[in-house]
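For clarity, every value in this text was computed on a predicted model and none was experimentally measured. First listed ligand is number 1; within each ligand, the first listed atom is number 1.
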Amino acid sequence: MEVKELINKLYKEHRLDRQEWTQVLSDFTEEDRIYAAGLAREVADSIYGKDIYIRGIVEFSNICKQNCYYCGLRCGNSKLERYRLTEQQILECCDSGYEYGFRTFVLQSGEDPYYTTETICSIVKCLKERHPDCAVTLSLGEKTYEEYKAYREAGADRYLLRHETANEEHYGKLHPAEMSWKNRMECLDNLKKLGYQTGCGVMIGSPEQTVECLVDDMLYMQDFEPEMIGLGPFLPHSDTPFRDKPKGSYEMTLYMISLCRLMLPTVLLPATTALGTIRPNGREQGVLAGANVIMPNLSPVQVRDKYMLYDNKICTGDTSSECRGCIERRMKSIGYKVVITRGDHI
Ligand code: SAM
Ligand code: SF4
Ligand code: FES
């Protein structure tokens, strides 16, 4: 079969086998990519219409005990100035976010043991008390089943934990030996079991990523059925071991977004900050390729340039209100509208 026919099959049946995925991901032309984007947008429009969901992300600590080779927050990066927000500061960011129309707050950080289970639960509870009509998403990395359970009981609705790669050998090339692919995958299973709307995802074009790795990712996600998928290009950071590695492909990222939309029609799919960093209109193009979520920054401006996962990250000099207005305009320019809602998975 030709790639176009396989894209049609994915559109109708939402599944491909290993051999078909390999062909779709290796033999495609620019025309196929644009064709997939058109179909993916049609599917997204049929489910979410012209609505774009926004999530306010509070990057509350850049301290991390892990040492992922790709990330600027890795503990081995001694050049980075570290910060932590207090519980009060985090709540204030969300309060102002509420005024700007955010009804989902994403709390993200490095893996920072300073925030105990009790602290995280207390923040989640306070947020839910202050804003009962809002969803809380956590993205704190790998935790135990008991910790995830406690956060869930405190009221957390969603959890983002990119699997980074569904290929164990590839995982070993992105992370030091102390980090375990099996544990990360188990964390995702636990999150699902606990009833979180669960998000996985990968960086497109991470070092040593092959077509086979991407095929493994699609096969994994096809079975796991995440409610959310985070996809962005890998972008190098100058103070990491991957400083000289080439960035991921913008087009491949858009193509993967479209394929994920066709595979899991109702999935919540953000046009990521990394996509907006690699191209000035990357997020708009992400939406036009099938994404339906954008996650503008709600962190205080003073700390924004310290949450540097990769070089040249956008929005580090902008205020929350500027980002909010910016997204509204950008979406309007392509015929979409930002809506004030929790924006749960259907
Ligand atoms: N520490 C938590 C974790 O790892 O799940 C949450 C924060 S972590 C910074 C969020 C995501 O950033 C990671 O899952 C990874 O995919 C992405 N990321 C890190 N470094 C990156 C880079 N150099 N380029 C693109 N994305 C990157
Ligand atoms: Fe830490 Fe997450 Fe960065 Fe890995 S990706 S170094 S766990 S912040
Ligand atoms: Fe932050 Fe555009 S979204 S300035």
Side-chain angles (χ1 to χ4, degrees), residues 54 56-77 80 82 100 106-113 115 137-143 159-165 171 174-176 178-179 183-184 187-188 191 199-207 209 217 229-243 245-248 253 270-278 280-284 294-299 301 304 307-331 333 338:
I54 49 167
I57 178 161
V58 182
E59 299 160 335
F60 66 88
S61 163
N62 70 351
I63 297 179
C64 189
K65 65 175 186 190
Q66 302 291 13
N67 217 5
C68 308
Y69 297 145
Y70 43 85
C71 177
L73 308 191
R74 65 198 304 271
C75 62
N77 179 10
L80 183 67
R82 306 283 173 167
Y100 302 136
V106 181
L107 307 184
Q108 194 183 71
S109 67
E111 287 196 18
D112 183 355
Y115 298 87
T137 304
L138 298 176
S139 180
L140 320 174
E142 296 173 31
K143 305 281 171 180
Y159 203 102
L160 300 175
L161 185 78
R162 291 189 180 180
H163 62 287
E164 315 295 2
T165 170
Y171 188 90
L174 301 178
H175 303 94
E178 309 82 76
M179 293 182 72
N183 189 61
R184 196 149 185 107
C187 285
L188 281 161
L191 291 164
C200 62
V202 293
M203 292 174 285
I204 308 302
S206 59
Q209 185 182 64
D217 290 323
I229 299 178
L231 297 173
F234 160 75
L235 296 167
H237 185 293
S238 45
D239 301 317
T240 64
F242 287 165
R243 61 180 66 84
K245 300 289 181 190
K247 54 175 114 161
T253 307
T272 55
T273 304
L275 193 56
T277 300
I278 201 171
N281 67 343
R283 287 171 297 179
E284 291 90 315
I294 303 216
M295 298 166 64
N297 204 314
L298 269 186
S299 310
V301 182
R304 285 192 183 199
Y307 201 84
M308 276 293 181
L309 315 180
Y310 42 77
D311 294 336
N312 306 314
K313 186 172 167 229
I314 52 169
C315 300
T316 52
D318 304 285
T319 63
S320 303
S321 128
E322 280 162 349
C323 288
R324 173 66 176 82
C326 172
I327 291 302
E328 179 106 38
R329 284 190 299 278
R330 284 172 184 270
M331 292 302 107
S333 77
V338 166

Colleague: Can you check whether E142's main-chain N or O pairs, donor with acceptor, with R184's side chain at less than 3.5 Å?
Modeller: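 Flag not set: sc R184 to bb E142 has no pair under 3.5 Å.
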Colleague: Determine whether more than 12 heavy atoms belonging to other residues, nucleotides or ligands lie under 6.0 Å from atom CG of D239.
Modeller: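 Buried by this count: over 12 neighbours within 6.0 Å.
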Colleague: Using every non-hydrogen atom in the two residues, find where I204 and Q209 come nearest and quote the distance to one decimal.
Modeller: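 Heavy-atom minimum between the residues: C-OE1, 3.6 Å.
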Colleague: In ligand 2, which numbered atoms sit nearer than 4.0 Å to a non-hydrogen atom of R74?
Modeller: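 Counting atoms of ligand 2 from 1, those under 4.0 Å from R74 are 6 (S).
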Colleague: Record the part of C64 in heavy-atom contact with ligand 1 below 4.0 Å; permitted values are side chain, backbone, both and neither.
Modeller: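 None of C64 does.
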Colleague: Is there a heavy atom in Y307 that sits closer than 4.0 Å to ligand 1?
Modeller: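 Yes, that is the case, since the closest heavy atom of the residue is under 4.0 Å from the ligand.
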Colleague: In the protein, which heavy atom is nearest to atom 18 (N) of ligand 1, and how far is it?
Modeller: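 Result for atom 18 (N) of ligand 1: M203 SD, 4.0 Å.
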Colleague: Would you say R184 contacts ligand 1, with heavy atoms under 4.0 Å as the rule?
Modeller: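 In this structure, R184 qualifies as a contact of ligand 1 - some heavy atom is under 4.0 Å.
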Colleague: Do ligand 1 and Y70 have nitrogen or oxygen atoms that lie under 3.5 Å from each other?
Modeller: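 N/O-N/O distance under 3.5 Å: yes.
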Colleague: Which heavy atom of I294 sits nearest to which heavy atom of I327, and what is that distance?
Modeller: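 Shortest heavy-atom contact: CG2-CD1, 3.6 Å.
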Colleague: Do any N/O atoms on E164 end up under 3.5 angstrom from N/O atoms on ligand 1?
Modeller: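 Yes; at least one N/O pair falls below 3.5 Å.
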Colleague: Does the protein put any heavy atom within less than 4.0 Å of atom 8 (S) of ligand 1?
Modeller: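 For atom 8 (S) of ligand 1 the answer is no, since every protein heavy atom stays at 4.0 Å or beyond.
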Colleague: Starting from atom 17 (C) of ligand 1, find the nearest protein heavy-atom neighbour and note its residue, name and distance.
Modeller: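 Answer, as residue, atom name and distance: R162 NH1, 3.9 Å.
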Colleague: Quick one: does ligand 1 sit under 4.0 Å from the side chain of P233, the backbone, both or neither, non-hydrogen atoms only?
Modeller: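 Within the 4.0 Å criterion, P233 contacts ligand 1 through backbone atoms alone.
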Colleague: Give me the nearest non-hydrogen protein atom to atom 3 (Fe) of ligand 2 as residue plus atom name, then the distance to 0.1 Å.
Modeller: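 Nearest protein contact, heavy atoms only, for atom 3 (Fe) of ligand 2 is C71 SG, 2.4 Å.
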Colleague: What part of Y69 sits under 4.0 Å from ligand 1 if we count only heavy atoms: the side chain, the backbone, both or neither?
Modeller: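 Within the 4.0 Å criterion, Y69 makes no contact with ligand 1.
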Colleague: Do side-chain atoms of Y159 reach the backbone of G141 as a donor and acceptor pair under 3.5 angstrom?
Modeller: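 Yes; at least one donor-acceptor contact below 3.5 Å.
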Colleague: Taking the side chain as every heavy atom from C-beta outward, state whether C68 and M179 have any atom pair closer than 4.5 Å.
Modeller: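 Yes; the side chains approach each other to less than 4.5 Å.
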Colleague: Which heavy atom of the protein is the closest neighbour of atom 2 (Fe) of ligand 2, given with residue, atom name and distance?
Modeller: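 It is C64 SG, 4.6 Å.
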Colleague: Which protein heavy atom lies closest to atom 10 (C) of ligand 1, and at what distance to 0.1 Å?
Modeller: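 Answer, as residue, atom name and distance: Q108 NE2, 3.7 Å.
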Colleague: Specify the protein heavy atom at minimum distance from atom 4 (Fe) of ligand 2: its residue, its atom name, and the distance to 0.1 Å.
Modeller: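 Among all protein heavy atoms, the one nearest atom 4 (Fe) of ligand 2 is C68 SG, 2.3 Å.
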Colleague: Could you tell me whether a side-chain N or O of Y100 sits under 3.5 Å from a main-chain N or O of G325, the two making a donor and an acceptor?
Modeller: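 Not a single qualifying donor-acceptor pair exists.
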Colleague: Around atom 1 (N) of ligand 1, find the nearest protein heavy atom and jot down its residue, atom name and distance.
Modeller: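 It is S109 O, 3.1 Å.
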Colleague: Considering the heavy atoms of C323, write down every atom of ligand 3 situated less than 4.0 Å from one of them.
Modeller: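 Matching atoms, with element in brackets: 1 (Fe), 3 (S), 4 (S).
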Colleague: Restricting to non-hydrogen atoms, name the atom on R74 and the atom on Y69 that form the minimum distance, rounded to 0.1 Å.
Modeller: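 Distance-wise, the nearest heavy atoms are NH2-CD2, 3.5 Å.
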Colleague: If you count the atoms of ligand 3 from 1 in the order shown, which ones are under 4.0 Å from a heavy atom of C315?
Modeller: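 Counting atoms of ligand 3 from 1, those under 4.0 Å from C315 are 1 (Fe), 3 (S), 4 (S).
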Colleague: Under 4.0 Å, counting heavy atoms only: does R283 come that close to any atom of ligand 3?
Modeller: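 Yes, R283 has a heavy atom closer than 4.0 Å to ligand 3.
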Colleague: Going by the order shown, which atoms of ligand 2 are within less than 4.0 Å of some heavy atom of G110?
Modeller: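 Going through ligand 2 atom by atom, the ones under 4.0 Å from G110 are 8 (S).
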Colleague: State, yes or no, whether a side-chain contact exists between R82 and L73 at a heavy-atom distance under 4.5 Å.
Modeller: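 The answer is yes, as the side chains (C-beta and beyond) meet within the 4.5 Å cut-off.
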Colleague: Using a 4.0 Å cutoff against the non-hydrogen atoms of S139, which atoms of ligand 1 qualify?
Modeller: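 It comes down to these atoms of ligand 1: 6 (C).
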Colleague: Do any nitrogen or oxygen atoms of L160 come within less than 3.5 Å of a nitrogen or oxygen of ligand 1?
Modeller: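 No, L160 has no N/O under 3.5 Å of an N/O on ligand 1.
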Colleague: To the nearest 0.5 Å, what is the distance between CG (L309) and OH (Y70)?
Modeller: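 It is 10.0 Å, given to the nearest 0.5 Å.
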Colleague: Measure from the side-chain N and O atoms of N67 to the backbone N and O of G76, and report whether any donor-acceptor pair falls under 3.5 Å.
Modeller: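 Yes, N67 side chain to G76 backbone: donor-acceptor pair under 3.5 Å.
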Colleague: Which residue and non-hydrogen atom of the protein lie closest to atom 2 (Fe) of ligand 3, and at what distance in Å?
Modeller: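 So the nearest neighbour among protein heavy atoms is C326 SG, 2.2 Å.
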Colleague: Check ligand 3 against D318 and write out every atom of the ligand that is under 4.0 Å from a heavy-atom position of the residue.
Modeller: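 Every atom of ligand 3 under 4.0 Å from some heavy atom of D318: 4 (S).
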Colleague: Is the backbone of R330 close enough, under 3.5 Å, to the side chain of E284 for a donor and an acceptor to pair up by distance?
Modeller: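 No.
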Colleague: Looking at atom 21 (C) of ligand 1, tell me if a protein heavy atom falls under 4.0 Å from it.
Modeller: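 Yes, there is one.
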Colleague: Tell me which one of L235, I278, L231, L309 gets a heavy atom nearest to atom 24 (N) of ligand 1.
Modeller: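 Of the listed residues, L235 has the closest heavy atom.
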Colleague: How close do P113 and K65 get, heavy atom to heavy atom, and via which atoms?
Modeller: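 The pair with the smallest heavy-atom distance is CG-CD, 4.3 Å.
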Colleague: How close do R283 and T272 get, heavy atom to heavy atom, and via which atoms?
Modeller: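 So the minimum-distance heavy-atom pair works out to CG-O, 3.4 Å.
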Colleague: Which heavy atom in H237 sits nearest to a heavy atom in T240, and how many Å separate them?
Modeller: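 Closest approach of H237 to T240, heavy atoms only: O-OG1, 2.8 Å.
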Colleague: Any side-chain to backbone donor/acceptor pair from S61 onto S109? Under 3.5 Å, distance only.
Modeller: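 Looks like no, no N/O pair under 3.5 Å.
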Colleague: Considering only heavy atoms, does R304 approach ligand 3 within less than 4.0 Å through its side chain, its backbone, both, or neither?
Modeller: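 The answer is neither; R304 stays 4.0 Å or more away.
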